Novice: 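Encoded as structure tokens, here's the structure I'll be asking about.
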2 protein chains.
Amino acid sequence: MDGKEALDKARERIIETIAQNIHLYGLTPSAGRQYGTMFFHNEPLTLDDMTEELGMSKTSMSTSVRALSDLKLVERAWKRGVRKDLYQVKEDWYQSFVDLFSIKWRRSISLHAVAVKKSLSEMKDLYENKDISDDLKAMLEIDIEKLEYMRDYFEWLDRLVDAFEEHDIFNLVPPKDYPRNK
Amino acid sequence: MDGKEALDKARERIIETIAQNIHLYGLTPSAGRQYGTMFFHNEPLTLDDMTEELGMSKTSMSTSVRALSDLKLVERAWKRGVRKDLYQVKEDWYQSFVDLFSIKWRRSISLHAVAVKKSLSEMKDLYENKDISDDLKAMLEIDIEKLEYMRDYFEWLDRLVDAFEEHDIFNLVPPKDYPRNK
DNA sequence: TTGTTTGTACAGTAAAAACTGTACAAAGAA
DNA sequence: TTCTTTGTACAGTTTTTACTGTACAAACAA
């Protein structure tokens, strides 16, 4: 077997593994392949390069590179004299993990917090109302307790995301060669 | 407005919020609605109950309750004299989060680790080969470094999942009323 | 044994998502 | 200004996923 061929095979294995697992990031295998291709390219790529490499339409390349950028897995690059947009993978995977975690969860936490706050307030008001049946009152007691549990849980999740963003997590689980006590 | 109606509205808001966010768990809004419905039911539910509540086919209920069970969001319950299978939501959301995190990532980490190990070994063998060009050798040096970075990253991710499973994370980010120093 | 009940496999259908090609706006070149 | 080039909006198509209804095996009842 030719040496370059052997290298490509070894690379392909990695690219395909990324493609098959990137659903954890909410992305399609195609986007994963795109990421993998950029990962092994030592120069930033244009959309036309990607179309060439992956045999897919430029429109697809455009939309999925945007998805990759939104999750901060990929960033724009600049190169003198090149008019086309250039993209490259972000080098720091630990930071990418933190960014992913934050982007994915923050919004959800916030939406839940808002809904819980509103419903909890409504339930408490209703509970104070004099004209409600004992049955309903019993139900409300249970539900209020449930929503207070939810509220505490999402408040915890929010602090968890903080711990990732502020890199406290790297003290608990240090990357190889990570300096202790930041 | 009737009291029970007001309660239902407050519950619906929560259920719909769960439904709209459960894609983070890789589940469909329907499964989220199912989860939410079970959450507010104070008794375990049968598949027929869910069909009734959600107006969907029993087959759907069966498949999505299985998906919920696989992620350990829901568990089987037992009740004397009831022949049908009963399901209820798992009470401990903190543990559910840990389980989710573990289930989602472990498999992916392992697949990546295997692929990286194999490709890294192939590349190193190739690098030792006498008959390869200087160009290829230079490429290999770069790729080997990249794969070593990947290897370290997934080893870190694996330790991160350990820290969740072993509840070390609860020392770093304590839930409300969580006893310190486990 | 035979008759019921219950959960799910499987095939078909409906709905959603991914992908393509065209067409065009924005930005640079001349 | 006009002529190119480049990225993306949008409409249409293909592919995938979600959902339904039927049919049946397993478990229990009589």
Side-chain angles (χ1 to χ4, degrees), chain A residues 15-16 18-38 41 43-71 73-88 104, chain B residues 15-16 18-38 41 43-71 73-88 104:
Chain A
I15 293 174
E16 207 48 39
I18 293 172
Q20 296 309 318
N21 285 281
I22 207 157
H23 65 270
L24 290 174
Y25 294 66
L27 299 174
T28 59
S30 293
R33 236 163 266 124
Q34 200 171 0
Y35 180 87
T37 303
M38 294 172 74
H41 251 270
E43 292 292 312
L45 291 171
T46 67
L47 292 179
D48 290 319
D49 294 335
M50 299 176 203
T51 293
E52 173 85 10
E53 288 273 348
L54 297 166
M56 290 177 70
S57 73
K58 198 174 174 182
T59 304
S60 281
M61 295 303 95
S62 175
T63 55
S64 49
V65 92
R66 174 189 290 264
L68 287 165
S69 301
D70 287 347
L71 293 182
L73 292 172
V74 150
E75 64 190 350
R76 299 270 310 256
W78 301 97
K79 213 165 145 187
R80 228 174 61 84
V82 177
R83 248 174 72 190
K84 301 183 184 185
D85 292 355
L86 289 164
Y87 298 93
Q88 63 191 1
K104 288 255 156 214
Chain B
I15 293 173
E16 208 48 40
I18 293 172
Q20 296 309 318
N21 285 281
I22 207 158
H23 65 272
L24 290 174
Y25 294 68
L27 299 173
T28 59
S30 294
R33 236 164 265 123
Q34 199 172 0
Y35 180 87
T37 303
M38 295 172 73
H41 251 270
E43 291 293 312
L45 290 171
T46 68
L47 292 179
D48 289 319
D49 293 336
M50 300 176 201
T51 294
E52 173 84 11
E53 288 274 348
L54 298 166
M56 290 177 71
S57 73
K58 198 174 173 182
T59 304
S60 281
M61 296 300 98
S62 174
T63 54
S64 49
V65 91
R66 174 189 289 264
L68 288 165
S69 300
D70 287 347
L71 293 183
L73 293 172
V74 150
E75 64 189 351
R76 299 270 308 257
W78 301 97
K79 215 165 144 187
R80 230 174 58 85
V82 177
R83 249 175 70 191
K84 302 184 185 186
D85 293 354
L86 289 165
Y87 299 92
Q88 64 190 0
K104 288 254 155 215

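In what follows, every chain begins at residue 1, and chains take the letters A, B, ... in the order their sequences are listed. Keep in mind it's a predicted model, so treat the numbers as computed, not measured.
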Novice: Between atom CG in L27(B) and atom P in dT17(D), what is the gap in whole Å?
Specialist: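 That distance rounds to 15 Å.
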Novice: Could you state the CZ-P distance from R66(B) to dC19(D), rounded to the nearest angstrom?
Specialist: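 Value for this atom pair: 16 Å.
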Novice: What are the two closest non-hydrogen atoms of T28(A) and I22(A), and how far apart are they?
Specialist: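 Closest approach of T28(A) to I22(A), heavy atoms only: O-CG2, 3.4 Å.
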Novice: Could you give me the CA-CA distance, side-chain angles and deciding distance for E43(A) and K79(A), then say whether side chain to side chain contact (heavy atoms under 4.5 Å, CB included) is met?
Specialist: CA-CA 10 Å; E43(A) 292 292 312; K79(A) 213 165 145 187; 3.1 Å; yes
Novice: What do you reckon, is CZ of R66(B) surrounded by more than 12 foreign heavy atoms closer than 6.0 Å?
Specialist: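 It does not: R66(B) CZ has 12 such atoms or fewer within range.
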Novice: Take the protein atom CE of M50(B) and the nucleotide atom C1' of dC19(D), then report the distance between them rounded to whole Å.
Specialist: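 Those two atoms, CE and C1', are 17 Å apart.
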Novice: Using whole Å, what does the distance between atom C1' of nucleotide dG7(C) and atom CG of L86(B) come to?
Specialist: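 Roughly 13 Å, once rounded to whole Å.
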Novice: List, with names and distances, any nitrogen or oxygen atoms from the protein found under 3.5 Å away from nitrogen or oxygen atoms belonging to nucleotides 25-30 of chain C.
Specialist:
none

Novice: For the residue pair R33(B) and E16(B), establish whether any side-chain heavy-atom pair is separated by less than 4.5 Å.
Specialist: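 A side-chain contact exists here, since the closest heavy-atom pair is under 4.5 Å.
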Novice: Kindly state which residues belonging to residues 54-62 of chain A come within less than 4.0 angstrom of DNA chain D, counting heavy atoms of the residue only, listed by number.
Specialist: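 Contacts with DNA chain D under 4.0 Å: K58(A), T59(A), S62(A).
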Novice: Tell me what S30(A) touches on the nucleic acid: a base, only sugar-phosphate, or nothing, going by heavy atoms under 4.0 Å.
Specialist: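 Contact class for S30(A): sugar-phosphate only.
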Novice: Would a 4.5 Å heavy-atom cut-off, applied to side chains only, mark T37(A) and M50(A) as touching?
Specialist: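 In short, these two side chains do not touch, never coming nearer than 4.5 Å.
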Novice: Is it the case that the side chain of S62(B) and the backbone of K58(B) share a donor-acceptor pair, with hydrogens and angles ignored and the cut-off at 3.5 Å?
Specialist: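 Not a single qualifying donor-acceptor pair exists.
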Novice: Determine yes or no for a side-chain-to-main-chain donor-acceptor pair under 3.5 angstrom, with D70(B) supplying the side chain and A67(B) the backbone.
Specialist: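 Not confirmed, D70(B) side chain does not pair with A67(B) backbone.
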Novice: Write down the atom of L71(B), the atom of K104(B), and the distance for their closest heavy-atom approach.
Specialist: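 Scanning both residues, the minimum pair turns out to be CD2-CE, 4.4 Å.
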Novice: Over how many whole Å does the gap from L45(B) atom CG to dG7(C) atom P extend?
Specialist: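 Going from CG in L45(B) over to P in dG7(C) covers 12 Å.
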Novice: Among side-chain atoms of D49(A) and T46(A), is any donor-acceptor pair under 3.5 angstrom?
Specialist: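 Side-chain D/A pair, D49(A) to T46(A): present.
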Novice: Report the distance from atom CG of D85(B) to atom P of dC28(D), rounded to the nearest whole Å.
Specialist: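 After rounding, the gap between these two atoms is 11 Å.
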Novice: Nearest-Å distance, CG (L47(A)) to P (dC19(C))?
Specialist: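 After rounding, the reported distance stands at 15 Å.
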Novice: Which residue, P29(A) or T63(B), contacts DNA chain C at a nucleotide closer to its 5' end, judged by nearest heavy atom?
Specialist: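 Final value for this comparison: T63(B).
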